[in-house]
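Everything below concerns the one structure shown next.
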Amino acid sequence: MKWIGKRTSVVDQKDSLSFVIYPEPIGWKKHLIGFWFILWLAIGAYVTSELFRGYEENQQIVLFIFMAFWLYFAVRVGKTTLYQYFGKELIKINDHELILKKATGSYGKSNRLFLENISKMREVELKDNSFQNIFENSPWVAGTPRIEFEHLGKTYSFGRKLNPSDRRLIYNYITKRITKNVKQAKKA
């Protein structure tokens, strides 16, 4: 195993190529987001307890609307917090397939994709002064994947918050290996 960049490890063997991309190291901000999430859960528990206090119908409607927004942000920030502490992206290329998994701990869905059906692989670049780029650099956002491709009409992506140099290295590794494996498969 060797490291390319600060967040990505690669194992390049004769019959397979594997990458593990870890979350962006944000130091003390990760713990601050975790603390904020715990406080957010405490607010939700308090408001939920207030739902059963016998308020008037209009007041209960307001509490239910607040809880809908609260739940949306609890799920979003909860997923990001868990990803910051335990997350990783796994990419493996073997003879005829690419395996893509976004995992939190050991939990995550794997996608097994045939190399022959992969097309339009590209790097996703954000404009420097765009709102999306500023939002993506926020610590409470897991990030947009920076490499994407199509497989039978569906778009798949990986490489959350990769910097341009790491993204270019991974992109070059993967495209060379896919091209090589597809050519070998056609010869056989």
Side-chain angles (χ1 to χ4, degrees), residues 1-26 72 75-76 78-188:
M1 173 175 69
K2 76 176 189 180
W3 287 87
I4 54 174
K6 294 180 181 177
R7 303 175 35 208
T8 308
S9 66
V10 61
V11 176
D12 192 357
Q13 298 174 338
K14 185 178 180 177
D15 60 339
S16 69
L17 175 67
S18 301
F19 291 95
V20 179
I21 304 171
Y22 295 96
E24 182 180 35
I26 56 173
Y72 171 77
V75 169
R76 292 284 306 255
K79 287 171 74 173
T80 300
T81 303
L82 288 173
Y83 178 74
Q84 282 293 335
Y85 279 97
F86 309 109
K88 60 187 167 217
E89 295 178 84
L90 307 161
I91 302 103
K92 184 175 183 177
I93 300 173
N94 58 29
D95 289 336
H96 14 302
E97 67 182 354
L98 180 137
I99 302 166
L100 187 62
K101 181 176 183 179
K102 294 175 186 170
T104 301
S106 61
Y107 176 76
K109 181 182 175 186
S110 290
N111 294 303
R112 300 176 86 88
L113 311 166
F114 288 110
L115 295 179
E116 302 89 37
N117 298 329
I118 292 176
S119 63
K120 299 181 183 177
M121 185 166 286
R122 59 195 165 273
E123 297 178 68
V124 176
E125 294 190 37
L126 304 175
K127 294 179 183 175
D128 288 337
N129 296 332
S130 69
F131 175 76
Q132 184 181 8
N133 189 33
I134 294 167
F135 184 71
E136 289 294 320
N137 290 325
S138 304
W140 59 83
V141 176
T144 300
R146 302 298 167 101
I147 299 173
E148 65 183 20
F149 60 90
E150 290 185 15
H151 182 269
L152 299 176
K154 187 174 179 185
T155 302
Y156 293 88
S157 57
F158 60 90
R160 294 177 178 183
K161 288 189 175 182
L162 280 176
N163 64 38
S165 61
D166 291 351
R167 181 182 67 219
R168 172 62 50 190
L169 282 170
I170 293 171
Y171 177 80
N172 288 337
Y173 261 107
I174 288 176
T175 53
K176 286 178 186 176
R177 182 55 69 102
I178 289 174
T179 304
K180 176 185 164 190
N181 289 5
V182 168
K183 284 181 183 178
Q184 287 178 352
K186 287 182 179 178
K187 287 180 183 179

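Note: Lys92 NZ to Phe19 CZ = 13.0 Å, rounded to the nearest 0.5 Å. Note that CD of Glu97 is 8.5 Å distant from CG of Leu113, once rounded to the nearest 0.5 Å. Atom CD1 of Ile99 and atom CG of Asn111 lie 10.5 Å apart (nearest 0.5 Å). Here the CZ atom belonging to Arg122 is positioned 4.0 Å from the CD atom belonging to Glu148, to the nearest 0.5 angstrom. Expressed to the nearest 0.5 Å, how far CG of Leu100 lies from CD1 of Ile118 amounts to 9.0 Å. One finds the CG atom of Leu115 at 9.5 Å from the OG1 atom of Thr179 (value rounded to the nearest 0.5 Å).
Side-chain atoms of Val10 and Leu17, non-hydrogen and from C-beta on, do get closer than 4.5 Å to each other. Side chains of Thr8 and Leu169 form no contact here, defined as non-hydrogen atoms less than 4.5 Å apart. Residues Tyr107 and Leu82 have side chains not in contact (no heavy-atom distance under 4.5 Å, counting atoms from C-beta outward). Contact check for Ile147 versus Arg167: side-chain heavy atoms found under the 4.5 Å cut-off. For the pair His96 and Gln184, the minimum side-chain heavy-atom distance is 4.5 Å or more. Asp15 is not listed as a side-chain neighbour of Asn94, based on a closest heavy-atom distance of 4.5 Å or more. You'll find the side chain of Leu162 reaches within 4.5 Å of the side chain of Arg7, heavy atoms only. Contact check for Met121 versus Ile178: side-chain heavy atoms found under the 4.5 Å cut-off.
Classification of the Tyr156-His151 ring pair by plane angle, with boundaries at 30° and 60°, yields perpendicular.
In this structure, Gly87 and Tyr22 approach most closely via the heavy-atom pair O-CD2, 4.3 Å. In terms of heavy-atom proximity, Glu24 sits nearest to Gln84 at O-OE1, 3.3 Å. Taking every heavy atom of both residues into account, Lys101 and Gly108 meet most closely at CE-O, 3.4 Å. Minimum interatomic distance between Tyr83 and Pro23 (heavy atoms only, all atoms of both residues): O-CG, 3.1 Å.
Salt-bridge check for Asp166 with Arg146: failed, with every basic side-chain N at 4.0 Å or more from each acidic carboxylate O.
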- Task: I would like to know whether Glu89 and Ser157 meet side-chain contact (heavy atoms from CB on, under 4.5 Å); could you show each step before the answer?
- Result: CA-CA 10 Å; Glu89 295 178 84; Ser157 57; over 6 Å; no
